[in-house]
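To start, the structure under review is shown below, and the notes come after it.
Just so it is clear: chains get the letters A, B, ... in the order the sequence lines come, proteins before strands, and each one is counted from 1.
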There are 4 protein chains.
Amino acid sequence: MTERTGNTRERIQQVALDLFAEQGYDKTSLREIAERLDVTKAALYYHFKTKDEILGSVLDDYLTEVEELADWAEQQPQDAEHRREVLTRYIDIAGRGIKAARFVQRAPEHTGQSGIGERFMKAMKRMNLVFASQDAPLAERLRTSMGIISVHMGLMIFGPESARPEERGYDPDEVRAAVTEVATELVIGADKRAAR
Amino acid sequence: MTERTGNTRERIQQVALDLFAEQGYDKTSLREIAERLDVTKAALYYHFKTKDEILGSVLDDYLTEVEELADWAEQQPQDAEHRREVLTRYIDIAGRGIKAARFVQRAPEHTGQSGIGERFMKAMKRMNLVFASQDAPLAERLRTSMGIISVHMGLMIFGPESARPEERGYDPDEVRAAVTEVATELVIGADKRAAR
Amino acid sequence: MTERTGNTRERIQQVALDLFAEQGYDKTSLREIAERLDVTKAALYYHFKTKDEILGSVLDDYLTEVEELADWAEQQPQDAEHRREVLTRYIDIAGRGIKAARFVQRAPEHTGQSGIGERFMKAMKRMNLVFASQDAPLAERLRTSMGIISVHMGLMIFGPESARPEERGYDPDEVRAAVTEVATELVIGADKRAAR
Amino acid sequence: MTERTGNTRERIQQVALDLFAEQGYDKTSLREIAERLDVTKAALYYHFKTKDEILGSVLDDYLTEVEELADWAEQQPQDAEHRREVLTRYIDIAGRGIKAARFVQRAPEHTGQSGIGERFMKAMKRMNLVFASQDAPLAERLRTSMGIISVHMGLMIFGPESARPEERGYDPDEVRAAVTEVATELVIGADKRAAR
DNA sequence: GATGAATGAGTATTCATTCAT
DNA sequence: AATGAATGAATACTCATTCAT
C-alpha cells in the first residue's frame, strides 16, 4: 500500500517550489521535477498545462496574500503606525511563504514573459509605493525598497533553508526579530526622518 | 584602412557583459553574442575556452578590485572611519563596474558550478566580514549585508541602465549620493549603535 | 429531464467528422474531440477502440453507399445512359455525405496504414473503373478520374462549408448543377468521344 | 574519401522534398530526414532555421516559376490562344517540379500557418483567375480549376513516382500528352463554349 | 457509461562545444 | 584570426493509448 492518494498535484507543487527556490525557474527542468517524483514528464502535463502554470499555481497563494495586503494598505492612512502594521503583516506572509519569497527576490530573471511574472512585479511595486511615493527623494525610495528586500534576504540568508550551510540552524524567532528590526528601521525610521 | 585588428577579444567581453547584465548568464547564448558581433560562434572559442571563461574574464577586473579592497580593509582597524572609507571605495568600484555589480547581485542563480562563482562568493563574504564579524548579532549582520546590497540595488534601480524605463535618467551624482546615504546608514549607523 | 442518453457515440461521430473534414485526420487530436464534447478522452475509448475506428465508423455510411453503388454499376451495361445514372447517384451520395467526401478527397495523406484507408481506396478504384477500364487510353482514364474528383472539389470549393469564406453562400442547387455539368462532360462526354 | 562535398544543404532539400511529397509535411519528421542523410537533427538546424524554412526553400523554385508565369499571364490578352500558351507553360513547370506539384495538390492540409502556405495559395489563386474570372458561372470556374488540378493529378497518378505501383512506367511523353489533352479541354474548351 | 491518472514514444527546437581547414 | 559544418544532450510540449475504479 504505497500511499499514492490523489495528491500528485500537490506533490508536484511542493517539489517544483523547492526546486524553483533552490535553482531558479529556468534552471529547473520538468524532467528534474518528474524524476524526483518518480513519474513521467507527461504526468506533469496531466496536472498543469505548462511549466509556467506550475509556477503560477505555486506562487498564487503568496501573491494573493501580498495583493490583499496591498489592497488593505492602500486604504489606510500613510502614517508610521500603519506602515509598521503593514510591514509586520508582510513579514508574516514572507515567513510563511519563505520559498516563494526567496524565489521572488531573485525573480527579475524571469519576470516579463510569463503572466505570473507581471502579476508579481505589480504586487511588489504596490508594496514599495505603500512605503514611499514615486516622487519621494531617491534615498527615501531606496531605503524603503531595501526594507522590503531585507525581509526576503534575512529569511533567505538566516532561515532554515539557507543556501549557506553555516547559516542554518538559527532560532526562527531570533531571525524574525532581526528581520523585523532591520526592516523597520529602513521603512519606519525613514518615516520619522521624513517627519522632521 | 581602419580595419579593427586584435580587438575582437575585447569586443566579445563588452558585448558579453552587456548581455549578461541585461538578461543573465544562462539566458544569454553564445549565438546571441556572436550574432551581435557579426562573427561566428567558433570565433568566440578562438578567444575563450568556454562560456564560463568569458564570464570570468569579464568579471575579473571587478573582482580583482574588490579583492584588493578586501585585502586592504582587512589590514585596517575596524572603526567607523575606516569602514566609511572602505564603503566609499566599494561604491566607487561598483559605480565603475556597474554592469558587473548588477550581474553580481542576481548571481546566486549561477554561483556554485563555475570557478568564477566561487571566487566572487568569497570576495563578497570578505566584504561582509569587514563590516560585521561572523558572530555579531543577527540584526547587525543583516544590516551590513543590506548595506552592500543597497549599493548594487541603488545602482541597478536608478542607474542609467535600469530595467525599469521610468527610472532611467536620474543624475548620476544624485544616485550616488542616495546610495551613499543609505549604505552608510546601514553600515556605519550600525557601527554607532553597536558603540552605544 | 431531457438528459441526452445513449447518444454520446453519435455525438462523437459528428464532432469527429466535422473536425476531420476541417483539419484532416492527423491534425485532429482526440483531446480536441473530447473537449468539444465536454467529455474525457477516456470516454472516447469506451465507445471506440482506436482513433482509426472513429474514422472508420464515420466513413462507414458513405463508403457503404459507394460500395453498393459500385456493386450495382458493375452489373449494368457500360453505356452512356447508365454511366450518367451512376454519376448522378454518386453526386447524390457525395452531396449527402459532403464532409466525408471532402475528407476523402484529401485522404491520400492517410490511406495505407489504417484498414479504412484501404477500403476506401478500393471503393474509389471501382468507381473509376466503372467509367474507364484499366486499359483505356491514358487521357480517357485521367478524364474520368477528374470527373469523380470534380464532384468532390465542386462541393468542397463552392459548398456551404467551403474553406474559402468568399465562396460560401451559393445556392445548393446551383452548385449541384455546376458539379453535374462538369462531371458529366468529363465522364460522359468522354464516352461520346470514345464512341466516335 | 567519402564524397562529402559541402552539399549537405542540397541533400537536405532533396530528401525533404522527397519525403514531403510522399508523406506530407506534417507526417515527415526532422528525425526522419536526418536519419536518411545520416546526420543529426542539429545539423539540419545548421542549414535551416526551422522546418518551415526547409519547406520554403524547397518550394521556392517552383513557386517562383509559377509566380512569374502568373505575372506574364496577367499582362496578356485573355483569349484562347494565350490561355493555351499559359497552360502549356504551366504543364512544363509542373512537369519539372513534379514533386513540388504533388505536394502542392495535397497542400490544403498545411496552408495557412506557414508563410510559404500563403504564398502558394496566392499563386494558385492567380492561376485560376487567369482562366476564369471570379464572377464567371460556377460551372466555368469549376471546369478551369479542374483543368489545373488535372495537371497535378495526371502527373501524380501516371508519373514515374506514382503512389500506385501499377501505374508507374508510362512513357513520360505519353503522360504529358494525356495531361495536355485533358487540361486543354477543360481550360480552353471552356473558352470556346463561353464564346458561343 | 464514464473518469482520473498516468505512460511511452514522439515532436520541433536550442545550446555549448569541437575540429578540420 | 577565424569559419563552416556538425554533434550530443537537453528542453518544453503533444499524442494516442491504457487501466483501475
Exercise for the section: Using side-chain hydrogen bond (donor to acceptor under 3.5 Å, both in side chains) as the criterion, list what pairs up with C:K99, not counting sequence neighbours. Expected result: C:D18

Handout entry: Spacing of C:L37 atom CG relative to E:dA2 atom C1', expressed in whole Å
Key = 13 Å

Exercise for the section: Report yes if a side-chain nitrogen or oxygen of D:H47 is closer than 4.0 Å to either non-bridging phosphate oxygen (OP1 or OP2) of F:dG4; otherwise report no. Expected result: no

Handout entry: Value in whole Å for how far the P atom of E:dT11 lies from CG of D:L44
Key = 13 Å

Handout entry: Nearest-nucleotide comparison on DNA chain E, the residue closer to the 5′ end among A:T40 and C:A43
Key = C:A43

Handout entry: Closest non-hydrogen atom pair between D:L37 and D:R11, with its separation
Key = O-NH2, 3.4 Å

Practice task
Could you run through nucleotides 14-21 of chain F and give me one letter per nucleotide, 5' to 3': B if any protein heavy atom sits under 4.0 Å from the base, S if only the sugar-phosphate is that close, - if neither?
Solution key: BBBBBB--

Exercise for the section: Determine yes or no for a side-chain-to-main-chain donor-acceptor pair under 3.5 angstrom, with C:K51 supplying the side chain and C:T28 the backbone. Expected result: yes

Exercise for the section: Would you confirm whether D:R102, through its side chain, and D:E161, through its main-chain N or O, come within 3.5 Å as a donor-acceptor pair? Expected result: yes

Practice task
Report the secondary structure of DNA chain E in dot-bracket form, marking unpaired bases with a dot and bases paired to a different strand with |, and treating Watson-Crick or G-U pairs with both distances under 3.5 Å as paired.
Solution key: .||||||||||||||||||||

Exercise for the section: Report the residues that fulfil ring-ring contact (aromatic ring centres under 6.0 Å, His included) with D:H47, sequence neighbours left out, ordered by chain and then residue number. Expected result: none

Exercise for the section: May I have the distance from B:E35 (atom CD) to F:dT3 (atom C1'), rounded to whole angstrom? Expected result: 15 Å

Fill in the blank from the handout: note: A:I54, atom CD1; F:dT11, atom C1'; distance rounded to Å ~ 13 Å

Exercise for the section: Grab the CZ-C1' distance between D:F48 and F:dA5 for me, whole Å please. Expected result: 14 Å

Practice task
Rounded off to whole Å, could you give me the CD1-to-C1' distance for the B:I12 and F:dA1 pair?
Solution key: 11 Å

Practice task
List the atom of D:K27, the atom of D:E32, and the distance in Å for their closest heavy-atom pair.
Solution key: O-OE1, 3.7 Å

Handout entry: Between C1' of F:dT11 and CD of A:Q23, the distance in whole Å
Key = 14 Å

Completion exercise
Judged by nearest nucleotide, the residue sitting upstream toward the 5' end of DNA chain E, C:Y46 or D:E32, is C:Y46

Handout entry: Rounded distance (Å) that lies between atom P of F:dA12 and atom CD of A:E53
Key = 15 Å

Exercise for the section: Would you confirm whether D:Y25, through its side chain, and D:D52, through its main-chain N or O, come within 3.5 Å as a donor-acceptor pair? Expected result: yes

Handout entry: Any residue meeting side chain to side chain contact (heavy atoms under 4.5 Å, CB included) with A:D60, in chain and number order, not counting sequence neighbours
Key = A:T64, A:R119

Practice task
With sequence neighbours left out, write down each residue that passes salt bridge (Lys or Arg N to Asp or Glu O under 4.0 Å) with A:E35, or none if nothing qualifies.
Solution key: A:R31

